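Notes follow the structure.
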Amino acid sequence: MTAIAIDGPTGAGKSTIARRTAQELGFIYVDTGALYRAIGLSMLRRGIDLENPAAVESALDEIRVFLRFQNGEQRVMLGNEDVSDQIRTAEVSMAASRVSAVPAVREFLFQLQRDMAKSNNVIMDGRDIGTVVLPNAQVKIFLTASPEIRARRRFEEMIAKGMQTTYEDVLSDLQQRDYNDTHRAIAPLKAASDSITLDTSGDTFDQAVERVLALIKSRISADMHS
Ligand code: DC
């Protein structure tokens, strides 16, 4: 099995780029952020204090999260409910960032993520895929772009979906989440030592996909010949 890890901060284009790249390669695309989001959503619905790790940990016992694939598209399930659309709000984004700092949440999701890569060729994106979840991934990419460009892309995406927001709010949310994700004690966002960093600030979406694909193909063929 081949595993490709794509990590990087919020709004670097990981999911759109990874989804397209997976289609090109015939791999399954696994968006691990969706799992943290589903847990964040469930905690919000239960009224759990997200700043209280013990409360978050004990509520985990009642949560069942898993991924389903429908026509190659990932769907996120919370028990019997498909929450793929509900997890995309700004409120759930922040909740996901908070719960992801709780070690018990990371442990809870660890095996599930590992198992996906056992029986499938995967492109998995997240924050700790190359460092923790799939340390033996054949290709590790750290995808990044400047905060302003990431906020601009995210803002346009949200407006296109009909969400009400401002660029300033998106930028400040993103900076807060960057801070949370890079400063948490466990599995913080950082580039794996054997990853390749790609800064997509100057790229269009198509250019970024091309660069990622070229890198993956050169790595995989180098692997096959070594
Ligand atoms: O990629 P995303 O924005 O959907 O992720 C939501 C939150 O989940 C993000 O703030 C950090 C967290 N996350 C994580 O800690 N580890 C991952 N592998 C993926 C996401």
Side-chain angles (χ1 to χ4, degrees), residues 3-19 22 29-44 50-51 53 56 60 63 65-67 73-76 78 83-117 122-135 137 140-145 147 150-151 153-155 157-158 161 163 165 170-192 195 200:
I4 295 162
I6 301 190
D7 291 298
T10 291
K14 295 186 301 292
S15 59
T16 21
I17 292 171
R19 181 176 296 114
Y29 163 52
V30 182
D31 163 14
T32 63
L35 296 167
Y36 290 91
R37 286 170 178 270
I39 292 189
L41 173 65
S42 179
M43 297 289 169
L44 286 175
L50 303 180
E51 303 303 326
V56 170
L60 276 178
I63 299 179
V65 175
F66 61 97
L67 299 177
E73 271 292 300
Q74 171 184 299
R75 308 299 298 177
V76 195
L78 199 53
V83 293
S84 310
D85 298 326
Q86 287 91 318
I87 58 171
R88 297 295 158 194
T89 66
E91 195 191 8
V92 175
S93 299
M94 201 53 85
S97 182
R98 295 242 154 78
V99 297
S100 70
V102 177
V105 171
R106 307 203 70 83
E107 272 162 38
F108 183 79
L109 295 176
F110 179 75
Q111 203 56 43
L112 199 152
Q113 298 172 81
R114 271 276 174 97
D115 286 347
M116 308 280 326
V122 293
I123 294 191
M124 195 174 280
D125 84 13
R127 303 295 188 287
D128 61 339
I129 308 306
T131 50
V132 176
V133 178
L134 302 176
K140 298 183 185 179
I141 297 173
F142 193 81
L143 210 58
T144 189
R150 291 188 282 123
R153 290 177 185 160
R154 182 50 62 96
F155 171 67
E157 212 175 272
M158 291 172 91
K161 283 189 188 153
M163 295 161 123
T165 188
V170 174
L171 179 62
S172 88
D173 262 30
L174 182 138
Q175 286 167 328
Q176 179 66 51
R177 286 212 284 147
D178 278 358
Y179 184 87
N180 294 349
D181 295 347
T182 50
H183 287 78
R184 65 172 176 240
I186 178 165
L189 168 65
K190 68 167 190 240
S195 68
T200 67

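Whatever order the structure lists ligands and atoms in, that order sets their numbers, starting from 1. Only a predicted model underlies this, so the values are computations on that prediction, with no experimental measurement involved.
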> Which ligand 1 atoms are under 4.0 Å away from a heavy-atom of S100?
Replying inline: 11 (C), 12 (C), 15 (O)
> Which atom pair, heavy atoms only, marks the closest approach of I129 to A5?
Replying inline: CG2-CB, 3.6 Å
> What protein heavy atom sits nearest atom 19 (C) of ligand 1, and how far away is it?
Replying inline: T32 OG1, 3.4 Å
>> Donor-acceptor check, side chain of K140 to backbone of P135, threshold 3.5 angstrom: yes or no?
In response: yes
> Which residue and non-hydrogen atom of the protein lie closest to atom 16 (N) of ligand 1, and at what distance in Å?
Replying inline: R106 NH2, 3.0 Å
> When only distance counts, is Q113 in polar contact with ligand 1, meaning an N/O pair under 3.5 Å?
Replying inline: no
>> If the cut-off is 4.0 Å to any non-hydrogen atom of A96, which atoms of ligand 1 fall inside it?
In response: 6 (C), 7 (C)
> Is a donor on one side and an acceptor on the other found under 3.5 Å between the side chain of S42 and the backbone of A38?
Replying inline: no
> Is there a nitrogen or oxygen of R184 sitting under 3.5 Å from a nitrogen or oxygen of ligand 1?
Replying inline: yes
> Looking only at heavy atoms, which two atoms of D7 and D128 are closest? And how far apart?
Replying inline: OD1-N, 3.1 Å
>> Judged on heavy-atom distance to atom 4 (O) of ligand 1, which of R37, R154, K14 sits nearest?
In response: R37
> Got a donor-acceptor contact below 3.5 angstrom from the K14 side chain to the M124 backbone?
Replying inline: no
> For ligand 1, which atoms, with element, lie under 4.0 Å from some heavy atom of G126?
Replying inline: 17 (C), 18 (N), 19 (C)
>> Return the closest protein heavy atom for atom 8 (O) of ligand 1 as residue, atom name and distance.
In response: Y36 CB, 3.4 Å
> Between D125 and I6, is there a donor-acceptor pair closer than 3.5 Å when you use the side chain of the first and the backbone of the second?
Replying inline: no
>> Taking 4.0 Å as the limit for heavy-atom contacts, which would you say applies to R127 with ligand 1: side chain only, backbone only, both, or neither?
In response: both
>> What's the separation between atom CD in Q86 and atom CZ in R37, rounded to the nearest 0.5 Å?
In response: 13.0 Å
> Partners of E107 by side chain to side chain donor-acceptor pair (under 3.5 Å), sequence neighbours excluded?
Replying inline: none
> Looking only at heavy atoms, is any part of S97 under 4.0 Å from ligand 1, and if so is it the side chain, the backbone, or both, or is it neither?
Replying inline: both
> Backbone, side chain, both or neither: what part of M94 comes under 4.0 angstrom of ligand 1, heavy atoms only?
Replying inline: neither
